Amino acid sequence: MRTTALSKVYPNGTRAVSNVSLTIAPNEFVSIIGSSGAGKSSLLRCINRLIRPTSGTLELFGTDITAVSGKQIRQVRQKVGMIFQQFHLVRRLTVLENVLVGRLRFNSSFYSHCCSIIRHFSKDEKEAAFECLQQVGIAHLAFQRADTLSGGQQQRVAIARALAQEPEIFLADEPIASLDPHSAEVVMDTLMEIHETRNIPVLVNLHHIDFATRYGKRIVGMRHGEVIHDVSPSALTDEMITEIYGARINEASGGFAECA
Ligand SMILES: Nc1ncnc2c1ncn2[C@@H]1O[C@H](COP(=O)(O)OP(=O)(O)OP(=O)(O)O)[C@@H](O)[C@H]1O
């Protein structure tokens with residue numbers, strides 16, 4: 001994945017991403033840090049083309065996808081697995097059915113009918129979905145309704161659903177922000193395992209600096225839409241952290257949901 005001078009200016013004039021040039025290799029697990037509003041989410045949303053960059057270029061797997069639209073956008077998104085702080089599961093479907101929905105979710109007309117057609121998936125597809133659940137360690141919950149799961153378990157369903165797309169890059173937008181520390185660790189371990197076993201790059205937006213340095217092989221620090229530091233975890237200094245967070249330095253310590 002390569003961006004060159006990538007920028008995103010929203011219609012209201014907010015410059016959320018500013019001249020970001022980044023190259024991410026397949027063997028990289030990258031933590032993106034920065035205070036609220038630094039542009040982390042906007043950058044990830046540009047990468048899977050949930051939003052269209054305003055200028056610059058965005059190359060994914062050797063193809064310039066800066067200006068693609070329609071069917072090509074869906075093709076791009078199928079290659080990009082993405083999870084969010086909110087899990088966005090279909091609450092009344094089972095865990096396995098949610099993972100199967102992942103195979104359809106970029107086809108909107110199909111998606112609208114997914115609840116009624118879900119039982120028509122082939123045995124092979126169900127087995128593939130089940131394998132994704134096995135990889136995230138919750139195969140035993142396959143037939144439980146999604147809304148009966150804990151937050152950490154729901155996030156792992158969301159990861160399995162993204163895996164069902166067989167992504168070539170994985171993006172996570174504050175995946176642990178609403179979880180207690182133990183669940184956060186399980187989710188981060190799961191992302192790391194996917195990275196290592198599937199050999200795909202992972203980009204994770206994180207508020208919590210400890211998690212960012214513990215898991216990231218590379219730390220990208222954003223402020224006011226710009227990448228102001230891009231270093232290995234061991235090279236990240238207190239001065240850099242202060243520059244990245246500015247007066248909002250207390251955000252660097254995270255903000256986990258309270259342990260139950
Ligand atoms: N749809 C939008 N329209 C206008 N401005 C937006 C939109 N989405 C985000 N912004 C603005 O863009 C800037 C960057 O927001 P973004 O959500 O990318 O930052 P962030 O670093 O991910 O923050 P957080 O950690 O709080 O999610 C902020 O000023 C935000 O208010």
Side-chain angles (χ1 to χ4, degrees), residues 1 3-22 24 29-58 60 65-66 69 73 77 80-88 151 154-155 158-159 162 169-181 183-184 187-188 191 201-216 218-231 236 240-257:
M1 195 284 299
T3 70
T4 310
L6 195 77
S7 296
K8 173 64 187 178
V9 181
Y10 286 108
N12 67 0
T14 303
R15 193 173 182 80
V17 178
S18 189
N19 281 315
V20 169
S21 296
L22 278 178
I24 312 286
F29 191 111
V30 182
S31 299
I32 303 175
I33 59 172
S35 63
S36 187
K40 306 180 299 295
S41 298
S42 299
L43 177 61
L44 289 197
R45 284 163 194 264
C46 281
I47 294 172
N48 84 341
R49 286 300 319 273
L50 274 175
I51 56 175
R52 190 185 185 120
T54 314
S55 60
T57 61
L58 172 55
L60 211 51
I65 59 153
T66 321
S69 56
I73 281 196
R77 289 187 195 147
V80 183
M82 186 158 180
I83 58 166
F84 303 85
Q85 178 179 346
Q86 305 303 331
F87 323 116
H88 301 304
Q154 289 193 43
Q155 189 61 290
I159 294 172
I169 184 170
F170 206 101
L171 311 178
D173 192 3
E174 295 179 23
I176 58 173
S178 59
L179 303 181
D180 65 79
S183 300
V187 165
M188 291 301 294
L191 290 176
V202 176
L203 277 70
V204 195
N205 284 348
L206 290 166
H207 271 298
H208 201 291
I209 198 86
D210 288 349
F211 276 80
T213 52
R214 188 166 8 136
Y215 288 88
R218 176 175 168 190
I219 310 291
V220 169
M222 292 187 72
R223 188 162 188 204
H224 302 318
E226 293 179 24
V227 171
I228 62 166
H229 290 293
D230 185 352
V231 294
L236 186 71
M240 289 177 187
I241 293 171
T242 306
E243 282 174 42
I244 292 165
Y245 287 92
R248 301 163 81 167
I249 189 71
N250 58 326
E251 285 184 32
S253 61
F256 276 113

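Nothing fancy with the numbering, it's 1 onward along the sequence. Scope of the values below: all heavy atoms of this structure, side chains included, with no hydrogens, waters or symmetry mates. When a ligand or atom number is given, it counts from 1 through the structure's own listing order. Because the structure is a prediction, the values reported are computed rather than measured.
Between the CD1 atom of Ile219 and the CG atom of Leu236 there is a distance of 6.0 Å, given to the nearest 0.5 Å. Rounding to the nearest 0.5 angstrom, the gap separating the CG atom in Leu6 from the OG1 atom in Thr66 is 7.5 Å.
Of the charged side-chain nitrogens involved, at least one lies within less than 4.0 Å of a carboxylate oxygen, so that Arg218 and Asp230 count as a salt-bridged pair.
Every residue was checked against the ring-ring contact (aromatic ring centres under 6.0 Å, His included) condition with Phe87, not counting sequence neighbours, and none meets it.
Classified by interplanar angle (parallel below 30°, tilted 30° to 60°, perpendicular above 60°), the ring pair His88/Phe84 is perpendicular.
Listed by chain and number, Tyr10, Asn12, Thr14, Ala16, Ser35, Ser36, Gly37, Ala38, Gly39, Lys40, Ser41, Ser42, Glu174, His207 each place a non-hydrogen atom less than 4.0 angstrom from ligand 1.
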Passes side-chain contact (heavy atoms from CB on, under 4.5 Å), His229 versus Ile33? Steps please. CA-CA 10 Å; His229 290 293; Ile33 59 172; over 6 Å; no
